[in-house]
Structure formats: C-alpha cells, structure tokens
Amino acid sequence: MSLITHRPYLLEQDTTSIEELILASRIGKTLERYPTIWRVRQLLASRVWEPEHDAHVWEGESGRCIGFAYLWRRKQDSPKCSVDFIIHPHVHSAEIFAEILTWASMRAQEVALQLNTDVSLSLATFAGEDVYIQTLQYNDFSLLQDGYDFYMACPLDKHLPEAPLPAGFTLQLLSRKENLAAYQALFGFTHVG
C-alpha cells in the first residue's frame, strides 16, 4: 500500500492541483459531474469560513493531490455543516474516504465547541457509490434526502426569448461596489471586496 499523507489546504499552493483533481475525478463521467470547479471556487470563497481548518488535501507518495475535502456552512454561526469531497478515481478510495470522514467529524466537533452548540454533519454521495454509502451507514449516517438533481442543457445556436420581468423591476450587471452589500445580504455570502 502506498503512503498517503494529508494536510490543511493552502490557497496559493493547491488551487491548480485541486482543479486537476476535479477534472480527473470525472474520468468516464460527464464534465458536469458535481462538484464543478466553479462550485468549489464559490464555496471556498464564500462558505468555507476558515480555509486553513475547514479544507484538507490528501496526497500520494509522489506529492500528487489524490483527495480533497472541505466543510462548509451557509453562515459562519450555522450549526449545519456540509462536507464535499473529491477523490481521484485511480486510488483506493475507501481508505481515503474513511480518513475524510474522520477529519470532517473531528472538524465538526471543533466547530461545535466554537459555537457552543451541537452541530449536524451532512455529506452527499451518488447512487452506485456503494463504498461511500456503506461507510456512512457504518458510521451512523442516515439518508436525509432521496432524489437527484437535474442538470439540463439547451443548444445555443438559436436565440433564447427574453424573460419578462415583473413591473417595476430592472436587470443590471453586478458591477458597482455599492451593489455588493445588497448582493451579499440576499445570498448570505462572506464579504466580497
């Protein structure tokens, strides 16, 4: 068995290797498979409150990134923690997944101490990912929501009709700094500067 190490995520050092891992995790799958690079970037910038504690990287002997996980919350004081993870398809995923689950549980316990309240920890898998599902069940996770997201597409070689806006509303680009506060209040993101 090869040596696997893990450490906290470092933005400047790990961005490229995380994006490469996301693309590699889609081998034999569609490029739209969750999480997308955009989604990971968005969550790391707006819902991962302490990246140095809330995101973690797993590396193989060569130093190559083979796993990544991050714990995110909608608001910094939220007791509802979610974990997203990515594991390279060419490594023994059960071992890394067990480590990810251990890390996430320990980090959630730290968050509970910081917030001085109980927290919940949720994690999503796909149908057919039996190793992950069995590991979660073994660790007393239960099914919260059954179903699937629908990803839809349309050809862009024809003109899309303009959506009508309700009376009194206008649509504009988010381009002025004075609009950022309203945007942040609406979506609950961290400060956008």
Worked check of salt bridge (charged side-chain N to carboxylate O under 4.0 Å, His left out) between Glu20 and Arg64 = CA-CA 10 Å; Glu20 290 171 356; Arg64 184 180 66 141; over 6 Å; no
Identify whether the distance between the nearest side-chain nitrogen and carboxylate oxygen of Glu50 and Arg107 falls below 4.0 Å.
-> yes
Please walk me through it: do Phe85 and Phe97 pass ring-ring contact (aromatic ring centres under 6.0 Å, His included)?
-> CA-CA 8 Å; Phe85 69 97; Phe97 183 67; 5.0 Å; yes
Run the salt-bridge test on Arg47 and Asp54 with the 4.0 Å N-O cut-off and return the result as yes or no.
-> no
With hydrophobic residues grouped by side-chain heavy-atom distances under 4.5 Å, do Ile37 and Ile18 end up in a single group?
-> yes
Give a yes or no on whether Tyr70 and Leu23 share a hydrophobic cluster (residues Ile, Leu, Val, Met, Phe, Trp, Tyr; joining criterion: side-chain heavy atoms under 4.5 Å apart).
-> yes
Close side-chain approach of Arg7 to Asp14, heavy-atom, < 4.5 Å = yes
Please identify each residue that fulfils side chain to side chain contact (heavy atoms under 4.5 Å, CB included) with Leu11, with sequence neighbours left out.
-> Tyr9, Thr15
In terms of heavy-atom contacts, Glu59 and Gly63 come closest through OE2-O, 3.6 Å
Where Trp103 and His56 come nearest, the two heavy atoms and their spacing | NE1-ND1, 3.3 Å
All heavy atoms of Ala24 vs all of Pro89, minimum pair found to be O-CG, 3.2 Å
Hey, could you give me the OG/CZ distance between Ser46 and Arg74, rounded to the nearest 0.5 Å?
-> 9.5 Å
Indicate the atoms forming the closest heavy-atom contact of Glu52 with Pro8, along with that distance.
-> O-CB, 3.4 Å
For residues Leu101 and Phe141, determine if any side-chain heavy atom of one lies less than 4.5 Å from a side-chain heavy atom of the other.
-> yes
Distance-only, no hydrogens or angles: does the Trp49 side chain make a donor-acceptor pair with backbone N or O of Arg73 under 3.5 Å?
-> yes
Would you call Ile4 and Ile96 a side-chain contact if the rule is heavy atoms closer than 4.5 Å?
-> yes
Pair up each side-chain donor or acceptor in residues 111-121 with any protein partner under 3.5 Å, not counting sequence neighbours, and list the distances.
none

Not counting sequence neighbours, which residues clear side chain to side chain contact (heavy atoms under 4.5 Å, CB included) with Gln109? List them please.
-> none
Would you indicate whether the side-chain heavy atoms of His6 and Glu99 approach each other to under 4.5 Å?
-> yes
Paired with Tyr132, the side chain to side chain contact (heavy atoms under 4.5 Å, CB included) test is passed by just one of Leu123, Ile87, Ile100, namely Ile87
Are side-chain heavy atoms of Phe68 and Val40 found at a separation under 4.5 Å?
-> yes
Are Ile86 and Ile133 linked, directly or through other ILVMFWY residues, by side chains that come within less than 4.5 angstrom of each other?
-> no
